[in-house]
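Below is one structure; the comments refer to it alone.
Below, chain A is the first sequence line, B the second, and so on; all start at residue 1.
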Amino acid sequence: MQAHEQACAFLLGRLHAEVRRLRAIHFPGHDMGPRKWLNLIAGKLDTASLYLAQSQLPGTAPERAALLVSEAETLGDEAYVQLTFVAGADSTQIPHQVVAPFQRWVEALGIEQTIFFRAEHLPNYELEAVADIHDDLIRDATDSLRRAHADISWPVLRVSVPGHAMGLLPHFAVVAHELGHAIQERYAPDLTPFEKDIEVAVDAAKSRVQSAGGRFAVTEEILTEEIIQSWVNELKADAIAHYLVGPAVFFALCGFLELSGHGYGVAETHPPSDMRRHFLFEKLQDRSGQSGASFVSVFKEKTSVDLVEDITSPNIERCLPTEDLFQQLLAGDMDLVKAALCAELIPAFYKLAPTIYDAAERNLRELGSGLFYTPDQYAVDIDRHLESLCALIPPIEYREGASLRACNLSSILNVGWVALLTRVDHFPAAKGSVEPVTTASRLECLHELLLKAVELSEARRLWENPT
Amino acid sequence: MRTLPGDLALKHLLQNGLTVVRGDAVDVPRREDVLRALVQLFSDANRGSQALSARRFLVATNEAPAFQRFVLFFKHLDREFGDELAQRLSEAASVIEAIQQGGQQVAVDARQRTADLISALLNALSRESALKPLVPQRSVVVRNRASQFA
């Protein structure tokens, strides 16, 4: 073996060992997603090893052998980078209690793709979709690679949540938004009535760009498509999260945007935070349910506190008029074309957003009405659990006739947010603690209680349904 | 958006696709796999291209795969083919579909132009891979720039 072949064999051997080590790790919720991903990488490494072996066969032409080694190196490099994808998915990183309830959301939403959850030390919630990279089309792909590829439902989805100090359980309601992204392509709201508005906005952006001496051709039209797609998808995900989790996602998403930057939030990837908050809040005021109550009215009735639009996000910047925002974005170093498009598209999106929410609601109804978190359920959850929670009893279960039923994650998150926003001062100090009782220590206590609620409600569910 | 490397499959697909379009021998199961994937790639890219040229601004939203596949060709071949790219994609989509269905009716020059298009994409991918910069030395930029005034 020549030196470069030895180096390749050494790298492949180490990668195989790394995959074996990771396969032995416990992934919370008995999550199969990371294992399927690791199988794919192992298959890729098998194929790389096959290439290396083929290069050694007697009679292999030198050019062919060089190509095989080079492609084995490429596969090794791909495998090495793809291994980073499972980082943070083990139970040392992500709170193990939350994974099983997240998986239940996945099932309820009918998400069939291979998915897993992980935490990273970043102020970011994110769903990444890895499109099918067709590893099965690699020449002479081994059976292990073909099997692993076929065992995955593409695209692979990875949900990232912030880890460590920013891994705040109430904020994990934002995961519902990320799962909304997982189903965003399953339904297409009819936006044709707004095509004219979009065209007007794009033409206005084009005029701005051209009058500033810029170019607006196919590359810029591709960018336009990407911005529209991203913004529509953000609103779709917000809508799904709202219907699934109710006020908790409004508090969590806006609270998270406040904690992690509180700017305008507008970019090619996201519409303005102020707009997203506006539509979420509008839905909280909706009284079209059976009882005629809205989330806002229930909150007021049960807590005597007004639920206002900026309750968790007073410092999010209000959206400016088009011209002012365009100038602000340019002054903030945004590219001319992006600034023009972002500023001009906003009015069109204010018009089309309700259509996206309606389509999301219809899509969820097709999956089953049990998915909706309603104002009536909100009232019941608050009545059942709020006072108990303030007495340090976590919302684990409730009585229904002669049975005890486990609380679901949406209920726990919503009661948690009501306590967090209106009752923190009611939380007693820990017995025997010599530390002064601070707001932070009370919130930590609430956080622990909610984590315990998620964990023990899972235990209750397993007890009731051991299969 | 992060990019995970995975271009070897595309490279092998295009190499084998080139062989098939030129009429050279490829073993039957592989030929079927390659043609199935090529038909998908080119017909999607062609659909994305046509929708974009019709100024339909919801193409990416409603037809994400078609849009992404067009962008793959546009990104790598716009410089070489310019305004002709749309027509070449349309022709290639028809040629590959015809080959999949038997291929007797495919004109030789259309086959050649399709092979040229595949070859151009392969070359562009190889060039991109060869020119990929090494990971640069990184420095940490702190958002709070107060230190610059100290």
Task: Heavy-atom pairs under 4.5 Å with chain A, option from B:N62, B:L13, B:L58 with the top count - done: B:L58
State, to 0.1 Å, how close [X] and [Y] come at their nearest heavy-atom pair, and which atoms those are.
X: B:K11; Y: A:E71; result: NZ-OE2, 3.6 Å
X: A:I138; Y: B:R30; result: O-NH1, 4.0 Å
X: B:D33; Y: A:R146; result: OD2-NH1, 4.2 Å

- [ ] With a 4.5 angstrom heavy-atom cut-off, could you sort out which part of B:F57 is near chain A: side chain, backbone, both or neither?
- [x] both
TODO: Can you tell which part of B:A64 gets under 4.5 Å to a heavy atom of chain A, answering side chain, backbone, both or neither?
DONE: both
Say you draw a straight line from [atom1] of [X] to [atom2] of [Y]; how long is it, rounded to the nearest 0.5 Å?
X: B:L41; Y: A:H134; atom1: CG; atom2: NE2; value: 9.0 Å
X: A:L137; Y: B:N16; atom1: CG; atom2: CG; value: 9.0 Å
X: B:E63; Y: A:E225; atom1: CD; atom2: CD; value: 10.0 Å

TODO: Please lay out, stage by stage, how B:F74 and A:T219 fare under the test side chain to side chain contact (heavy atoms under 4.5 Å, CB included).
DONE: CA-CA 9 Å; B:F74 180 80; A:T219 304; 3.5 Å; yes
Does [atom1] in [X] sit with more than 12 non-hydrogen atoms of other residues, nucleotides or ligands closer than 6.0 Å?
X: A:R64; atom1: CZ; value: no
X: A:Y80; atom1: OH; value: no
X: B:D83; atom1: CG; value: no

- [ ] For B:H12 and A:R139, indicate whether the former's side chain and the latter's backbone hold a donor-acceptor pair under 3.5 Å.
- [x] yes
Open item on the list: Can you confirm whether A:V218 sits close enough to B:D78 that some side-chain heavy atom of one is under 4.5 Å from a side-chain heavy atom of the other?
Closed with: no
